[in-house]
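Only one structure is covered here, and it is reproduced in the block below.
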Protein chains: 2
Amino acid sequence: MCRKRQIMSETKDKIVALADRLVRTKGFNAFSYKDISAPLEIKNAAIHYHFPAKADLGVEVVDQEMAKFHTQTSRWKNLPENEQLEKLTEVFRRHSKEGNICLMGSLAPDFETLEPAMQAKVQEMAGSIVNWLTQCLEQGRKKKLIHFKGTAHARALIIISNLQASLLLSRVMGPSAFRLIAEQLMDDLRHK
Amino acid sequence: MCRKRQIMSETKDKIVALADRLVRTKGFNAFSYKDISAPLEIKNAAIHYHFPAKADLGVEVVDQEMAKFHTQTSRWKNLPENEQLEKLTEVFRRHSKEGNICLMGSLAPDFETLEPAMQAKVQEMAGSIVNWLTQCLEQGRKKKLIHFKGTAHARALIIISNLQASLLLSRVMGPSAFRLIAEQLMDDLRHK
DNA sequence: AAATATACTTACTTAGTAGTAAGTAAACAA
DNA sequence: TTGTTTACTTACTACTAAGTAAGTATATTT
């Protein structure tokens, strides 16, 4: 009758991974603890053991996403800026293929309904991404690898909102939407 | 003890108007009948009288939005295409000021959780907007009022996803995000 | 070997949620 | 004036949500 227990809690990692997927597919408010406990074959109290409140789970999901972003971008650090942008697009392309939307695209609509701690995390994440992209565009333009009009900051906002929304549009209009947007976006930056 | 009853149901209109606002501010799954019944000082059964299921209310909200879109665009029909685009941006600017996000931006993340009837409505809406914008861009380029690279369809997808996501980003990063994106976007189309 | 910490489960509470069946007051039509 | 439709309210159901208190088996430390 004895169910096996995980050593050093793989369970916690599985909960976060599944929560990440649920946030992207159903939205933070729309998924429930049952959506996690049922497939992992644990009780919902087990989730509360690791994450006392749902917001704690949400914060962890965002934290892990940010950590992933930082390790990825620092891995690209020595690439030419136009290739770094391709890498970024590649990340979104993968999400597109898996039917995921990005965390920002999922959490921003529900922003007002989130707890202050989660709101702060989401703002932090948005800031990090926009700052990185702004730097990347600025450096790339200096080296004449990338061409665009206006400030790097405004262009960064445009690009990130495009990638974000293209995943949303793809969900409604099919995967061709992402492809068309991403290709045109990269092409825009290639030429003067 | 007798509460007054509305003649010819202003109530129904009020329900839809409030639901529209709630979808944009909290999301379709995150708002409840209480969010409508409390401020309107009616019982939740009154909402069910007009809209048997929540999906019926959602469909009505999307329908009214599409009707509004059609009347607006047909009012601009005889304007030069670049001005029509300014008008479209103006619509989004107003939403930005009121802290609203657009219906697509709100419903697309929850798309998988919506009933088939609502999914179809959202797809219809996306199609309408993209088609109109594609036509507008194509005509505008022919008359040399608008300049852009690539196909009108790809450019339409880029612009609509920008406007959509700029409202999402604004919610997280503050209203300057919308301003910067909208200005740069319009500037991009003005020059060769 | 005993005490303690870890990682859960069992069983429950509280507070919602959408939705419904039956009743009612007013407006309208015959 | 009677019957019917409209626009609700009252009072409820069935269900699901997040969250909690207390118990338990295993692993780790002393």
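A, B, ... follow the sequence lines: proteins, then strands. Residue 1 opens every chain. Fair warning: this is a prediction, and the values are worked out from it, not measured in the lab.
- Of the candidate nucleotides dG19(C), dT10(C), dA18(D), dG19(C) has the atom nearest to the side chain of Tyr33(B).
- Separating the CG atom of Asp35(B) from the C1' atom of dA18(C) is a distance of 13 Å, rounded to the nearest angstrom.
- For the pair Phe31(A) CZ and dT16(D) C1', the interatomic distance rounds to 15 Å; values are reported in whole Å.
- Minimum atom distance to the side chain of Thr11(B) is reached by dC8(D), of the listed dG19(D), dC8(D), dC8(C).
- One interatomic measurement links the two molecules: CG of Leu40(B) to C1' of dC8(D), which rounds to 13 Å at whole-angstrom precision.
- The side chain of Tyr49(A) contributes no N or O atom lying less than 4.0 Å from OP1 or OP2 of dC8(C).
- When heavy atoms are screened at a 4.0 angstrom cut-off, Phe51(B) is found touching no nucleic acid atom at all.
- Between Glu10(B) atom CD and dT6(D) atom C1' there is a gap of 15 Å when expressed in whole angstrom units.
- In this structure, Lys54(B) satisfies the cation-pi test against Phe28(B), with its NZ or CZ atom closer than 6.0 Å to the six-membered ring centre and inside 45 degrees of the ring normal.
- The separation between Asn29(B) atom CG and dG16(C) atom C1' is 15 Å, rounded to whole Å.
- Relative to the side chain of Lys54(B), the nucleotides dA18(C), dC8(C), dT9(D) differ in distance, and dA18(C) lies closest.
- Heavy atoms of Lys43(A) sit under 4.0 angstrom from at least one base atom.
- Look at CG on Asn44(B): it is 14 Å from P on dC8(D), rounded to the nearest Å.
- Closest approach to the His48(A) side chain among dT20(D), dC8(C), dA21(C) is made by dT20(D) (side chain taken as heavy atoms from C-beta onward).
- Residues Asn29(A) and Thr113(A) bring a donor and an acceptor atom of their side chains to less than 3.5 Å of each other.
- Seen from the ring of Phe178(A), Arg93(A) does not count as a face-on cation partner, given the 6.0 Å and 45° thresholds.
- What separates NZ of Lys34(A) from P of dT17(C) is a distance of 18 Å, to the nearest Å.
- Regarding contacts with the backbone of dT17(C), a side-chain N or O of Ser32(B) is found under 4.0 angstrom from either OP1 or OP2.
- Atom CD of Glu115(A) and atom P of dG19(D) are 8 Å apart (whole Å).
- In terms of position along DNA chain C, the nucleotide closest to Ile42(A) lies nearer the 5' end than the nucleotide closest to the other residue of the pair Ile42(A) and Ala45(B).
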Would Tyr33(B) and His48(B) satisfy ring-ring contact (aromatic ring centres under 6.0 Å, His included), going step by step from the backbone distance to the final call?
-> CA-CA 9 Å; Tyr33(B) 278 39; His48(B) 282 285; 4.6 Å; yes
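- The side chain of His50(A) contributes no N or O atom lying less than 4.0 Å from OP1 or OP2 of dT6(C).
- Tested against Ile47(B), the residues Thr11(B), Leu40(B), Leu18(B), Ile15(B) include a single side-chain contact (heavy atoms from CB on, under 4.5 Å) partner, Ile15(B).
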